[in-house]
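Worth knowing before you read on, the calculation uses all heavy atoms, side chains too, and leaves out hydrogens, waters and symmetry mates. Whatever order the structure lists ligands and atoms in, that order sets their numbers, starting from 1.
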Amino acid sequence: MAVLVTGGAGYIGSAFVEQLLAAGEETVVLDDLSRGHRAAVHPKAALYEGRTGDRALVARIAREHPLDACVHFAAFAYVGESVTEPARYFDNNFTQAQVLFESLVAAGVKRVVFSSTCATYGVPAEVPIPESHPQWPINPYGWSKLFVERLLECFDRAYGLRFVALRYFNAAGATTRCGEAHAPETHLIPLVLAAAARRRSSVRVFGQDYDTPDGTAVRDYIHVEDLGEAHILALAHLRRGGESHFLNLGNGTGYSVLEVIAAARRVTGLDVPYEKGPRREGDPPRLVGDATKARVVLGWTPKRPSLEAIVRSAWEWMQSHPDGYGAGE
Ligand SMILES: NC(=O)c1ccc[n+]([C@@H]2O[C@H](COP(=O)([O-])OP(=O)(O)OC[C@H]3O[C@@H](n4cnc5c(N)ncnc54)[C@H](O)[C@@H]3O)[C@@H](O)[C@H]2O)c1
């Protein structure tokens, strides 16, 4: 059988494709390269360039490969952009996903692993956040993902589409081949490392007066390979006939911005210049996930939980890919 990976030219998708191929799976990537990189796609994966909402293309892929499941990473993922361009986010993240799932069901493919996010919770009332926590996003990005979660439930009931929706906390780190090269980059670890390497003058720390031990915001960083392993386990769960689930993926440990900067200094041996900025609107003080359910349902255990190991893998990737994936797509 073959697995369709949408967004397989992006950061998390490209790393996952590597793991899927290593597991011996026939792997088909669907990506419009709007935010990803052709060079990130493993040469052993079949690449179809196009949008997830292209019914004819998805039908063609299903005719050309024996698909039995889809891992749906493709989406736009900038919170700020979603606030200024909500229509684009609802179209790309929700409407395109709806058409994709319809096309899959029409082709008889009824197993989906979906990239959801801790942004569906909004401002947490309790930390670590369990899956049962109320979901009330504070930006269109979070809503677009939450709508897909509800859509999947409806498709499960009506069409028998079984899914595992994985709510990631902060994906971080790299494999030897695949790393983070977003443009613009908004994620803390690549920004901190770019400051260490003097590719940017400094990194800005938003908020110094949160109710956290050092006053800076605390986040749960999860290695991209640990994320990928959870997707492999989710596919196995669905292939065993397992029921649909919503599962958090995080380490359950939070690190502050200053702790990330300190880890980057230790790993690189370089100074990390930073400047203090005001809090950003809508940034909760602490976002840490309770991933007990993923451990129980999938048997998943993060194997690379140390912040230093995560930062080191990102630094090594940056050293071996000084221009990211190059100037092209
Ligand atoms: N990076 C994180 O920390 C994080 C956290 C929570 C959730 N997520 C989710 O994980 C997924 C992957 O994130 P990422 O950081 O790898 O993002 P990314 O931008 O690096 O990758 C997304 C990929 O999807 C492609 N794409 C976007 N819309 C498409 C469409 N309509 N049709 C075809 N291809 C399309 C882009 O070209 C890109 O290659 C996203 O759904 C994101 O919302 C990421």
Worksheet item: So, are Asp156 and Arg162 salt-bridged, with charged N and O less than 4.0 Å apart?
Response: yes

Worksheet entry | Check ion pair Lys110-Glu102 (N to O, under 4.0 angstrom) | no

Worksheet item: Which residue and non-hydrogen atom of the protein lie closest to atom 10 (O) of ligand 1, and at what distance in Å?
Response: Tyr168 CE1, 3.3 Å

Response to the item:
In Glu308, Arg304, His223, the residue satisfying side-chain hydrogen bond (donor to acceptor under 3.5 Å, both in side chains) with Ser313 is His223

Discussion item. Out of all atoms in ligand 1, which are within 4.0 Å of some heavy atom of Ser115? Include the element for each.
Written reply: 9 (C), 10 (O), 11 (C), 41 (O)

Practice prompt. Indicate yes or no: does an N/O atom of Lys145 lie under 3.5 Å from an N/O atom of ligand 1?
Written response: yes

Worksheet entry | His37, portion touching ligand 1 at heavy-atom distance under 4.0 Å | neither

Worksheet, complete the sentence: Counting from 1 in the order shown, the ligand 1 atoms closer than 4.0 Å to a non-hydrogen atom of Ala77 are 42 (C), 43 (O)

Worksheet entry | Heavy atom of the protein closest to atom 11 (C) of ligand 1 (residue, atom name, distance) | Phe73 O, 3.2 Å

Worksheet item: Within less than 4.0 angstrom of ligand 1, does Glu180 place any heavy atom?
Response: no

Worksheet item: Which of the atoms in ligand 1, numbered in the order shown and given with their element, are less than 4.0 Å from a heavy-atom of Gly36?
Response: 36 (C), 37 (O), 38 (C), 39 (O)

Worksheet item: What do you reckon, are the aromatic ring centroids of Tyr48 and His65 less than 6.0 Å apart?
Response: yes

Practice prompt. Please lay out, stage by stage, how Arg167 and Glu149 fare under the test salt bridge (charged side-chain N to carboxylate O under 4.0 Å, His left out).
Written response: CA-CA 10 Å; Arg167 297 178 187 149; Glu149 287 197 1; 2.8 Å; yes

Worksheet item: Starting from atom 17 (O) of ligand 1, which protein heavy atom do you reach first, and at what distance in Å?
Response: His182 NE2, 3.8 Å

Discussion item. I need the nearest protein heavy-atom contact for atom 5 (C) of ligand 1: residue, atom name and distance, please.
Written reply: Phe169 O, 3.4 Å

Discussion item. Against ligand 1, does Thr52 come closer than 4.0 Å with any heavy atom?
Written reply: yes

Worksheet entry | For Ala74, the ligand 1 atoms whose distance to one of its heavy atoms is below 4.0 Å | 24 (O), 26 (N), 29 (C), 34 (N), 35 (C)

Worksheet entry | For atom 16 (O) of ligand 1, closest protein heavy-atom neighbour | Ile12 N, 2.8 Å

Practice prompt. May I ask you to say whether Arg51 pairs ionically with Asp31, meaning some side-chain N is under 4.0 Å from a carboxylate O?
Written response: no

Worksheet entry | Parallel, tilted or perpendicular: rings of Phe101 and Phe155 (30°, 60°) | perpendicular

Worksheet item: Which protein heavy atom lies closest to atom 35 (C) of ligand 1, and at what distance to 0.1 Å?
Response: Asp32 OD1, 3.3 Å

Worksheet item: What residue and heavy atom of the protein are closest to atom 2 (C) of ligand 1, and at what distance?
Response: Ala171 CB, 3.7 Å

Practice prompt. Find all atoms of ligand 1 within a distance of less than 4.0 Å from any non-hydrogen atom belonging to Gly50, and give their numbers and elements.
Written response: 32 (N), 33 (C)

Worksheet, complete the sentence: d(Lys44 NZ, Leu21 CG) to nearest 0.5 Å is 7.5 Å

Worksheet item: Which atoms of ligand 1 are found less than 4.0 Å from any heavy atom of Leu33?
Response: 37 (O)

Discussion item. Check for me whether Arg219 meets the cation-pi criterion with Tyr255, that is, NZ or CZ under 6.0 Å from the six-membered ring centre and within 45 degrees of the ring axis.
Written reply: no

Item to complete: Could you grab the distance from atom CG of Asp209 to atom NZ of Lys276, nearest 0.5 Å is fine?
Response: 11.0 Å

Discussion item. Are any of the N/O atoms on Gly7, whether in the backbone or the side chain, positioned under 3.5 angstrom from an N/O atom of ligand 1?
Written reply: no

Worksheet item: Taking non-hydrogen atoms only, is Ser116 closer than 4.0 angstrom to ligand 1 via side chain, backbone, both or neither?
Response: backbone

Worksheet item: Between Arg38 and Tyr325, do the side chains contain an N or O donor and an N or O acceptor separated by less than 3.5 Å?
Response: no

Worksheet item: Using heavy atoms and a threshold below 4.0 Å, how should the contact between Gln96 and ligand 1 be classified: side chain, backbone, both, or neither?
Response: side chain

Discussion item. Check for me whether Arg279 meets the cation-pi criterion with Phe206, that is, NZ or CZ under 6.0 Å from the six-membered ring centre and within 45 degrees of the ring axis.
Written reply: no

Practice prompt. List the closest protein heavy-atom neighbour of atom 31 (N) of ligand 1: residue, atom name, distance to the nearest 0.1 Å.
Written response: Asn92 OD1, 2.7 Å

Worksheet item: Is it true that the NZ or CZ of Arg150 lies under 6.0 Å from the centre of Phe246's six-membered ring and within 45 degrees of the ring axis?
Response: yes

Response to the item:
Within 4.0 Å of some non-hydrogen atom of Thr117, the atoms of ligand 1 are 6 (C), 7 (C)

Item to complete: Would you give the length of the straight line joining atom CZ of Arg204 to atom CG of Leu191, rounded to the nearest 0.5 angstrom?
Response: 12.5 Å

Response to the item:
For Tyr141, the atoms of ligand 1 under 4.0 Å from one of its heavy atoms are 7 (C), 8 (N), 9 (C), 42 (C), 43 (O)

